Amino acid sequence: IKMEQFRTVRVNAAEKVLQPYQYPLVPTPYDQRKEMGDTLFALSKEVPSLADSCASILREARERDEWDQAVAELTTQVLVVLKCEEEDYNLEGLMRHLNG
């Protein structure tokens, strides 16, 4: 992923994360997977070359049986890129989008 395809998020110095949060595995039905993938690719086409990068990452994730996690993380990253300005370290653009 290139510099214009992601945003850096500032972590509060007071918050020391010893271990990252582990999401529980929840099976996703085929129809929901298809909708999630279609949504991701529709969003990623708004950033040059991002759809190809997403497809490559999802292909690898499918081989490792990590597709659900990968599509969720990629969708989050794409939304941040689309909704947050380059120096929006607090994700205010994403907050406006989600509350809007």
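Quick caveat, the model's predicted, so the values are computed rather than measured.
- The shortest non-hydrogen separation linking W67 to R33 is CH2-O, 3.2 Å.
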Side chain to side chain contact (heavy atoms under 4.5 Å, CB included) between L40 and V78: does it pass, once the steps are laid out? CA-CA 8 Å; L40 172 61; V78 170; 3.9 Å; yes
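- Each of M36 and Y30 belongs to its own hydrophobic cluster when Ile, Leu, Val, Met, Phe, Trp and Tyr are linked at side-chain heavy-atom distances under 4.5 angstrom.
- Counting heavy atoms of neighbouring residues, nucleotides and ligands inside a 6.0 Å radius, atom CG of D65 does not exceed 12 of them.
- Shortest non-hydrogen contact noted between F41 and A51 is CE2-O, 3.5 Å.
- Taking CG of D88 as the start and CD of E86 as the end, the distance is 11.0 Å to the nearest 0.5 Å.
- Judged by distance alone, the side chain of S56 and the main-chain N or O of D52 form no donor-acceptor pair under 3.5 Å.
- With contacts defined as side-chain heavy-atom distances shorter than 4.5 Å, the pair E35/Q32 does not qualify.
- The heavy-atom pair separating L43 from L82 by the smallest distance is O-CD1, 3.7 Å.
- Considering every non-hydrogen atom in both A70 and L58, the closest pair reads CB-CD2, 3.8 Å.
- Here the straight-line distance linking atom CZ of R62 with atom CG of D68 works out to 10.5 Å at 0.5 Å rounding.
- Separation of atoms CG (L91) and CZ (R96) is listed at 10.5 Å; rounding is to 0.5 Å.
- Residue C84 comes nearest to L94 through the heavy atom pair SG-N, 3.5 Å, listed as atom of the first residue, atom of the second, then distance.
- Distance CD/Q69 to OG1/T28: 10.5 Å, rounded to 0.5 Å.
- A distance of 11.5 Å separates CD of E92 from CG of N99, quoted to the nearest 0.5 Å.
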